Amino acid sequence: MCGIVGYIGNNKDIALGLEALKRLEYRGYDSAGIAAYDEATGTIVFAKAVGKIENLERKLAGSSIGGSPILLHTRWATHGEATEENAHPHADCKGNIFLVHNGIIENYAQLKQKLAERGHTFASETDTEVLPHLIEHFFRGNLEEAVRKALSLVKGSYAVAVIAKEDPGKIVAARLSSPLVLSVNGSGGFVASDPAALLAHSNKVVFLDDEEVAVVRQDGFSVSDLKNNLKEKEVTELEWSLEEAQKGGYEHFMLKEIMEQPESIANALRGRLLLEEGKARLGGVEHLREKLRQVKRMNILAMGTALYAGRVGEYMLEEYAGIPCEVDSASEFRYRKPVLDEHTASLFVSQSGETADTLAALKEVKDKGGLALGIVNAVGSSIARGTDAGVYNHAGSEIGVASTKAFTSQLTVLALLALFLGRQRDLSLVIGQCIAKELSRLPELVAKTLESAPQVEEMAKKYKGKENFLYIGRKYSYPIAMEGALKLKEISYIHAEGYGAGEMKHGPIALIDENFPTVALCPSDSVYEKMVSSVQEIKARRGPVIAIATEGNKEIGQLADDVLYIPKTLEMLTPVLSVIPLQLFAYYMGVLRGHNVDMPRNLAKSVTVE
Ligand code: F6R
C-alpha cells in the first residue's frame with residue numbers, strides 16, 4: 001500500500017515530486033524518502049525521514065537536493081519497522097541503482113542469502129532491498145535489461161520504479177499484482193502507484209499490466225514484457241477528481257477497502273501456504289516453533305471488530321489445532337486476574353497495533369511472564385513490538401474508520417495459524433492439504449462474493465427506513481452476526497444486536513414483529529438445520545428475514561424474504577465470505593441515510609485511550 005512517484009523532465013525542483021507524493025499519503029505514512037539524479041555531479045542524492053511526508057520536507061528544507069530523474073516514496077511498512085534504514089528508496093552496493101517498491105517480495109530471504117554469498121551488503125530489514133542488489137547483479141549499462149532479468153527471479157507482488165546514475169535518462173517501472181500508472185506529457189514523464197499523484201499534470205494515463213516493464217523518458221515511453229517483447233498500450237483519459245482518484249474511483253474509502261479484499265487476502269496468504277505439505281509457513285513465529293508446540297491453552301485478546309475475528313479464531317483453533325481458547329475483550333481481561341502458566345499463550349489481534357486496552361492487556365501478560373503472540377496489520381506498532389512473535393496481516397493501510405479489509409485478513413491469518421499449530425499436533429496431512437488448498441482459493445471466492453454488491457444496494461433501499469435489526473448465527477457464523485450488527489451500528493446508526501441463534505428463544509425473540517428485521521447467517525454448514533428452525537420461528541412471528549446462504553440453496557428462498565448468496569467453501573472459512581454482504585449492507589444503509597461512512601460520528605480509527 002505504499003505510494004510511489006517518479007518524474008523525469010526539465011523541472012529539477014523537488015517541490016513537484018513532493019506535491020505529487022502528498023496526494024498518496026493516504027496509502028502509507030510511516031516514513032518517506034527521495035532520490036534524485038544530480039547531473040552536475042553525476043551522482044544520485046537521497047534523503048529519508050521517519051513519519052509523514054512533512055518530516056521529509058522539513059529535512060530537505062535548505063538542502064540542495066534536486067534533479068531528474070527523481071523517485072519518491074511514502075511507506076506503509078510490511079517488513080521491518082518504520083526507520084530511516086527501512087525507508088525507501090533502497091540502493092545497491094555502489095550507489096548506482098535506486099529503487100522504490102510497493103508490494104511484498106515473497107522469496108526475498110532466499111534471494112538475500114544468495115546475494116550476500118556473492119558479497120552484497122544490506123542496510124535494512126526490508127524485503128525490498130534485495131531488488132536493487134539483484135538489479136546490480138545483472139547491470140551491464142542498460143537499466144531495463146537488468147530490471148527484466150532481476151524481476152524474472154522474483155516471486156510475490158511489486159510495483160517498482162528504478163533509476164541508475166550510469167543510465168540516467170530514464171525511469172524503469174514494472175508491476176506484478178500491485179498497481180502502477182504512467183503518463184508522458186509536455187511537463188515530462190511520470191510514474192506513480194496511482195493516478196491521484198498524476199492528475200495535477202495530466203488525466204491521460206497508461207495503466208501497466210502484470211509483468212510489464214516500462215521505460216519512461218522525458219518525451220516518451222515504451223512498454224515490454226519480461227522477455228522484452230514490445231507491448232501496445234492504450235492511453236486512458238480519466239474523468240476523476242483528485243478525491244475520486246485517491247478512492248480508486250469509488251465514492252468512499254470504505255467501499256474501496258471492501259472491494260480490495262481479494263487483494264488484501266491474497267497479500268495475507270502470499271508465501272505462507274505449503275500446498276503439498278498441507279502446512280502454513282509463518283516466518284514471524286518460526287523462531288518459537290518448539291515453544292508453540294508446547295502450548296496447551298490460548299487467550300485471544302482484542303477489541304471491537306478484531307475481537308470478533310478472535311472469536312472466529314477460537315472455533316478454528318479448537319477444531320483444527322485442538323487448543324482450548326478463551327476469547328475476551330482486552331478491556332475486561334486487563335482488570336481480571338488472568339491465570340497464565342508456561343503452557344498458555346496469549347494472542348493479541350489488532351489492526352492498528354496501538355489500541356490502548358489491547359496494549360494494556362499485553363503489558364499485563366508480559367509482566368506475568370506470559371508468552372504473547374500478535375496478529376497485527378501496522379508493522380512496527382506498539383503491539384507488534386511488544387509481542388514475542390507474530391504474523392502481520394499485510395492488508396495495507398485502512399482509511400475508512402470501520403474495519404473491513406483488516407477484519408477478513410485477520411480471519412485469513414487466524415486460519416493460517418490454526419493450520420500451522422494444527423499440523424504441529426494431530427491435524428492430518430490430508431485435512432491440512434484441504435485447508436491450504438481452500439485458503440488459496442479465497443481471493444477468487446471473495447471476488448465472486450463481491451459481485452452481489454448491486455443486489456445488496458437494492459436490498460438496502462428496501463430496508464433503509466428500519467430502526468432495529470437482529471443478526472443471528474451459530475458456530476463460525478455467531479461472531480459474524482456480531483460483526484455484521486457492529487458494522488450496521490457504526491455506519492448507519494441503526495440499532496442492531498448480534499446474537500447466537502440459540503439465544504433467541506431466551507429473550508430477543510420478544511422483539512420480533514413485522515417491523516423488526518433479522519439478518520440470519522444460514523450457510524450450508526454443520527448447523528444449517530438449526531438455523532432454518534430459528535428462521536422459521538421468526539417467520540412465525542411475521543419478522544422479515546434476510547438470509548445469507550450458500551449458492552445453490554433454493555429451500556431458504558422459500559422461507560426468507562430476501563437471500564444473499566455466497567460461494568461454497570470450508571465451514572471454517574465461510575466467515576471470510578459471509579461477512580462481505582454484511583459489510584456492503586452496512587455501507588449502503590449508511591450512504592442511503594446520508595451519513596459520512598468513512599468517518600462515522602464519535603468514532604476514531606485508532607482508539608489509543610482507555
Ligand atoms: C470497528 C472497528 C473497531 C476496531 C477496534 C480495535 O469497525 O474498527 O471496533 O476493530 O477499535 O482496533 P484495532 O484492531 O486497531 O486494535
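Since the structure is predicted, the reported quantities are computational estimates derived from the model, not experimental observations. First listed ligand is number 1; within each ligand, the first listed atom is number 1.
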I need the nearest protein heavy-atom contact for atom 9 (O) of ligand 1: residue, atom name and distance, please. Thr305 N, 3.1 Å
Can you report which non-hydrogen protein atom sits closest to atom 15 (O) of ligand 1, along with the distance? Ser352 OG, 2.6 Å
Under the side chain to side chain donor-acceptor pair (under 3.5 Å) test, residues paired with Glu257 that sit two or more places apart: none
Tell me whether the NZ or CZ atom of Arg593 lies within the 45° cone about the ring axis of Tyr493 and under 6.0 Å from its centre. no
Verify, without hydrogens or angle tests, whether Gln351 (side chain) and Phe407 (backbone) share a donor-acceptor contact under 3.5 angstrom. no
What class does the angle between the rings of Tyr108 and His79 fall in, given that below 30° is parallel, 30 to 60° is tilted and above 60° is perpendicular? perpendicular
Answer with side chain, backbone, both or neither: which part of Lys487 has a heavy atom less than 4.0 angstrom from an atom of ligand 1? side chain
Numbered atoms and elements of ligand 1 in range of Gln351, under 4.0 angstrom, heavy atoms: 13 (P), 14 (O), 15 (O), 16 (O)
Going by the atom numbers of ligand 1, which of them fall below 4.0 Å from some non-hydrogen atom of Glu490? 1 (C), 2 (C), 7 (O)
State whether the shortest distance between N or O atoms of Thr355 and N or O atoms of ligand 1 falls below 3.5 angstrom. yes
Atoms in ligand 1 flagged as close to Ala402, the criterion being non-hydrogen separation under 4.0 Å: 7 (O)
Under 4.0 Å from a heavy atom of Gly304: give me the atoms of ligand 1 that qualify, with their elements. 9 (O)
Can you find an N/O atom of Thr358 closer than 3.5 Å to an N/O atom of ligand 1? no
Got a donor-acceptor contact below 3.5 angstrom from the Ser329 side chain to the Glu332 backbone? no
If you scan protein heavy atoms around atom 11 (O) of ligand 1, the nearest is Val607 CG2, 4.0 Å
Taking NZ in Lys52 as the centre, count heavy atoms belonging to other residues, nucleotides or ligands within less than 6.0 Å. Is the count above 12? no
For Val401, the atoms of ligand 1 under 4.0 Å from one of its heavy atoms are 8 (O)
Rounded to the nearest 0.5 Å, how far does CD1 of Ile480 lie from OG1 of Thr574? 9.5 Å
If only side-chain N and O atoms count, and only distance matters, is there a donor-acceptor pair under 3.5 Å linking Glu398 with Ser403? yes
Could you name each residue pair satisfying ring-ring contact (aromatic ring centres under 6.0 Å, His included) that touches residues 441-471, not counting sequence neighbours? Phe469-Phe585
May I ask you to list the atoms of ligand 1 that are less than 4.0 angstrom from any heavy atom of Ala306? 10 (O), 14 (O)
If you have a sec, work out which protein heavy atom is nearest atom 6 (C) of ligand 1 and how many Å separate them, to one decimal? Met303 O, 3.3 Å
